[in-house]
Trainee: 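Mind having a look at this structure? Questions to follow.
Since we're looking at a predicted model, the values are computed, not measured.
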Amino acid sequence: MRILIYSYNYAPEPIGIAPLMTELAEGLAERGHQVRVVTGMPNYPERQVYEGYRGKIYLTEVKNKVTIQRSYVYIKGPKPGLLDRLLLDGSFIVSSVVQAYRGWRPDVVFATIPPLPISVPVSLFSASRRSPVVLNLQDIVSEAAVRVGLLKRESILFKMAESLETLAYSTSVRISVIAEGFREKLLSQGISDRKITCIPNWVDVNFIRPLPQEPNDFRTKHQLNGKFVILYAGNIALTQGLSTVIEAAAQLQHLEAIQFVIVGEKKALGALQTECDRLKVTNVKLLPFQPRETLPQMYAAANIGLVVQKQRVTTFNLPSKIPLILSSGRAIVASVPEDGTAAKAVRNSKGGVVVAPENSQALADRIRQFYHNPAEVEQLGKQGRDYALQNFSLEEALNRYETLFEEVMGNRE
C-alpha cells in the first residue's frame, strides 16, 4: 500500500503524538508499505523550531524507509496567545498542502487530530486525489477546550471548532479512536457506529520493558540509588495539575527514601520549581525531557509511575503514559477522574490504583502505603506488563491498522 500520514508532529519531537506517528510510519514501512509523512518543522514542546530546521520553508528527508516532508510553521514563542496559535495552525494548513502534492498519490490518507485545522488541507487533498481518509482521533478539541475553561459553548470559537470537527468527520471514511469512551461522544454527534474503529495507542514493548532498578544509569546519573522513586514524565499543561504532586511530596518529606521525579519541558518546570520553593519541598527532582534512547532506563528507575489529571478534563481520553508505564513493569498511581477512560484502563490492567484527582492527601496516602508494601508494588508491575503485552503492543496496532487500511481500499474499489 501507499500510505500518507498527515500529522503536525513527528520525530524528533519527544512526546505526545510524535513518537506514536513515528513508530507507526516506520513499522508500516518495515512491513513493505510505501510511507510518506507530511508534517511541520519540529518545535514541540518548546514551541521553538529545532536546530537544523530553522529558516527553512520546506525540507524532505528519508529516515528508516519513511519519506518525511516537512513544511514551514509560524512560531511566535513558548506561550502562544490565541492569535499566535491561529497563525501557527494557519501556516501549517497553507504550507503543508504543497508537500502533500509533492509525491505519489496515496491509497489511503491517515490524518491525526488534534490539531483540528489539519482537517482543512486533508479534506482538500483527499478530494482532489480521490484518496480515502482514515481520521485518527486523539482528542475531541471542542469538548476538551470547554472542560479546561479555554472556551465557552456559546462562543464563536467553540462553534468554529465544532464546524471543523464536522468537516473532519464527514470527509473521512473511517474514524479510529484510541479508547471506547470516544464512541459514545461520536454517536451523540451523529456519527455512524460502523464508521468508528477503536485501536488503542501503542507502545514498543520490546523497547520499553522491565529492567533492573539498580544498577540503573538513570538512577546513578541523578543520585537516585537507594530511593523509592515516584516518576511523572510527560506534558505539563492545564489538564494535568502537577501542583497536586508537589503538595503530596510536601506531605511525605519525613520519609527520606521517597523521591519524586518530574520530567517535562524546561520552561514548564519553572512554575513547578516556584511551587516547590513556596512549600519548601526538597524531595522533588525536576528534569528536562530525556533523549529517546534513555527512556527504558528512565521508566525502569521508578518504583511507581504517576498519571495525573484534573477533575474537569475530558473523561474519554486515554493518556499515552499509561501504556508506557505498564510496559515498563512499574505500578501506576492514577490521580484521575473516577468515571474516566484513564481510571478504567488502570483498573482493567490490574497494574495500579486510582485515587481522587486534585487531592494531594489521597495521593500521598496511597504512595505511603505502597512505600511500606514493596511486594504489592512489584506484583502490580508484573500484572501491568502482562496487560501491556496483550493490549498495547506496537505489532498488534500495526496488524489492526493494516487491516483497517485494506478494508478502506477494498470499499473504494
Trainee: Are the side chain of R400 and the backbone N or O of P200 linked by a donor-acceptor pair below 3.5 Å?
Mentor: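 Answer holds: no.
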Trainee: To the nearest 0.5 Å, what is the distance between CG on L187 and CG on D193?
Mentor: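 L187 atom CG to D193 atom CG measures 5.0 Å (nearest 0.5 Å).
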Trainee: Show, in sequence, the C-alpha distance, side-chain angles and deciding distance for Y6 and F125, and conclude whether the ring-ring contact (aromatic ring centres under 6.0 Å, His included) test is met.
Mentor: CA-CA 11 Å; Y6 217 118; F125 175 78; 7.1 Å; no
Trainee: Listed by chain and number, what are the ring-ring contact (aromatic ring centres under 6.0 Å, His included) partners of F182, not counting sequence neighbours?
Mentor: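 Only F316 meet the ring-ring contact (aromatic ring centres under 6.0 Å, His included) criterion with F182.
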Trainee: Kindly compute the distance separating OG1 (T341) from CG (L318), expressed to the nearest 0.5 Å.
Mentor: 7.0 Å
Trainee: Are V177 and R183 close enough, and set up right, to give a side chain to side chain contact (heavy atoms under 4.5 Å, CB included), and what steps lead you there?
Mentor: CA-CA 8 Å; V177 296; R183 191 182 298 272; 5.5 Å; no
Trainee: Do S327 and R385 get their side chains close enough for a donor-acceptor pair, meaning under 3.5 Å?
Mentor: yes
Trainee: Judged by atom type as modelled, is there a donor-acceptor pair below 3.5 Å linking the side chain of S91 to the main-chain atoms of Y74?
Mentor: yes
Trainee: Apply side chain to side chain contact (heavy atoms under 4.5 Å, CB included) to residues S95 and Y58 and explain how you reach the verdict.
Mentor: CA-CA 8 Å; S95 65; Y58 295 110; 4.1 Å; yes
Trainee: Step by step, would you call L137 with I178 a side chain to side chain contact (heavy atoms under 4.5 Å, CB included)?
Mentor: CA-CA 7 Å; L137 200 57; I178 61 175; over 6 Å; no
Trainee: Under the ring-ring contact (aromatic ring centres under 6.0 Å, His included) rule, collect the residues that match up with Y169, sequence neighbours excluded.
Mentor: none
Trainee: Using a strict 4.0 Å threshold on nitrogen-to-oxygen distance, state whether K344 and E180 make a salt bridge.
Mentor: no
Trainee: Flag the pair Q99 / R36 as yes when at least one side-chain heavy-atom distance between them is below 4.5 Å, and no otherwise.
Mentor: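 In short, these two side chains do not touch, never coming nearer than 4.5 Å.
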Trainee: Side chain to side chain contact (heavy atoms under 4.5 Å, CB included) between I113 and L116: does it pass, once the steps are laid out?
Mentor: CA-CA 6 Å; I113 287 180; L116 190 51; 4.0 Å; yes
Trainee: Would you check if P45 and I15 make a side-chain contact, meaning some heavy-atom pair closer than 4.5 Å?
Mentor: yes
Trainee: Answer with yes or no whether the side chains of E26 and N64 bring together a donor and an acceptor at under 3.5 Å.
Mentor: yes
Trainee: Would the distance check show the side chain of R219 and the main-chain N or O of K227 forming a donor-acceptor pair, the cut-off being under 3.5 Å?
Mentor: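 Side chain of R219 to backbone of K227, a donor-acceptor pair under 3.5 Å: yes, one is there.
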Trainee: Return yes if some donor-acceptor pair links the side-chain N/O of S123 with the main-chain N/O of T171 below 3.5 Å, else return no.
Mentor: no
Trainee: Between E395 and R31, does at least one N-O distance fall below 4.0 Å, as a salt bridge requires?
Mentor: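 Here E395 pairs with R31 in a salt bridge, since their nearest N and O are under 4.0 Å apart.
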Trainee: Looking at residues at least two apart in the chain, or sitting in another chain, which of them share a ring-ring contact (aromatic ring centres under 6.0 Å, His included) with F228?
Mentor: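 F228: ring-ring contact (aromatic ring centres under 6.0 Å, His included) contacts with Y371.
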Trainee: Decide yes or no for Q297 and K221: does some side-chain heavy atom of the first lie under 4.5 Å from some side-chain heavy atom of the second?
Mentor: no
Trainee: Please examine the side chains of D107 and F405, heavy atoms only from C-beta on, and report whether any two atoms are closer than 4.5 Å.
Mentor: no
Trainee: State, with a plain yes or no, whether a side-chain heavy atom of F218 is found less than 4.5 Å away from one of V229.
Mentor: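 A side-chain contact under 4.5 Å is absent here.
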Trainee: Just by distance, do the side chain of E358 and the backbone of G241 share a donor-acceptor pair under 3.5 Å?
Mentor: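 The answer is no, because no donor-acceptor pair under 3.5 Å joins these two groups.
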Trainee: Is there a donor in the side chain of Q379 and an acceptor in the side chain of Q383, or the other way round, less than 3.5 Å apart?
Mentor: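 Yes, Q383 and Q379 have a side-chain donor paired with an acceptor closer than 3.5 Å.
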Trainee: Between E23 and R292 (salt bridge meaning N to carboxylate O under 4.0 Å), is one present in this structure?
Mentor: yes
Trainee: Under the 3.5 angstrom rule, does the side chain of N359 hit a backbone N or O of A362 as a donor-acceptor pair?
Mentor: yes
Trainee: In the structure I gave you, are the side-chain heavy atoms of Y232 and F260 within less than 4.5 Å of one another anywhere?
Mentor: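 In short, these two side chains do not touch, never coming nearer than 4.5 Å.
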Trainee: Distance alone, cut at 3.5 Å: any donor-acceptor contact between the side chains of Q369 and D365?
Mentor: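 Checked: Q369/D365 side chains show no N/O donor-acceptor pair below 3.5 Å.
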Trainee: If we check side-chain contact (heavy atoms from CB on, under 4.5 Å) with Y299, which of these qualifies: L324, L211, T294?
Mentor: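 Going through L324, L211, T294 one by one, the side-chain contact (heavy atoms from CB on, under 4.5 Å) with Y299 is satisfied by L324 alone.
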Trainee: Ignoring hydrogens and angles, tell me if any N or O in the side chain of K65 forms a donor-acceptor pair with the backbone of G27 under 3.5 Å.
Mentor: no
Trainee: Would you say the ring centroid of Y8 lies under 6.0 angstrom from that of Y44?
Mentor: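 Not close enough - the centres of the two rings lie 6.0 Å or further apart.
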Trainee: Going by distance alone, is a donor N or O of one side chain under 3.5 Å from an acceptor N or O of the other, for Q138 and T112?
Mentor: no
Trainee: Are F207 and L394 close enough that some pair of their side-chain heavy atoms sits under 4.5 Å apart?
Mentor: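 Not in contact.
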Trainee: Using modelled atom types only, decide if a donor and an acceptor are shared between the side chain of K321 and the backbone of G305 within a distance under 3.5 Å.
Mentor: no
Trainee: Report yes if the side chains of L59 and M41 come closer than 4.5 Å at any heavy-atom pair, otherwise no.
Mentor: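 Of all side-chain heavy-atom pairs linking M41 with L59, at least one is under 4.5 Å.
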Trainee: I'd like to know if the side chain of T39 reaches the main chain of S7, judged simply by a donor and an acceptor atom lying under 3.5 Å from each other, with no hydrogens or angles considered.
Mentor: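 At least one qualifying donor-acceptor pair exists.
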Trainee: Is it the case that the side chain of E265 and the backbone of F289 share a donor-acceptor pair, with hydrogens and angles ignored and the cut-off at 3.5 Å?
Mentor: no
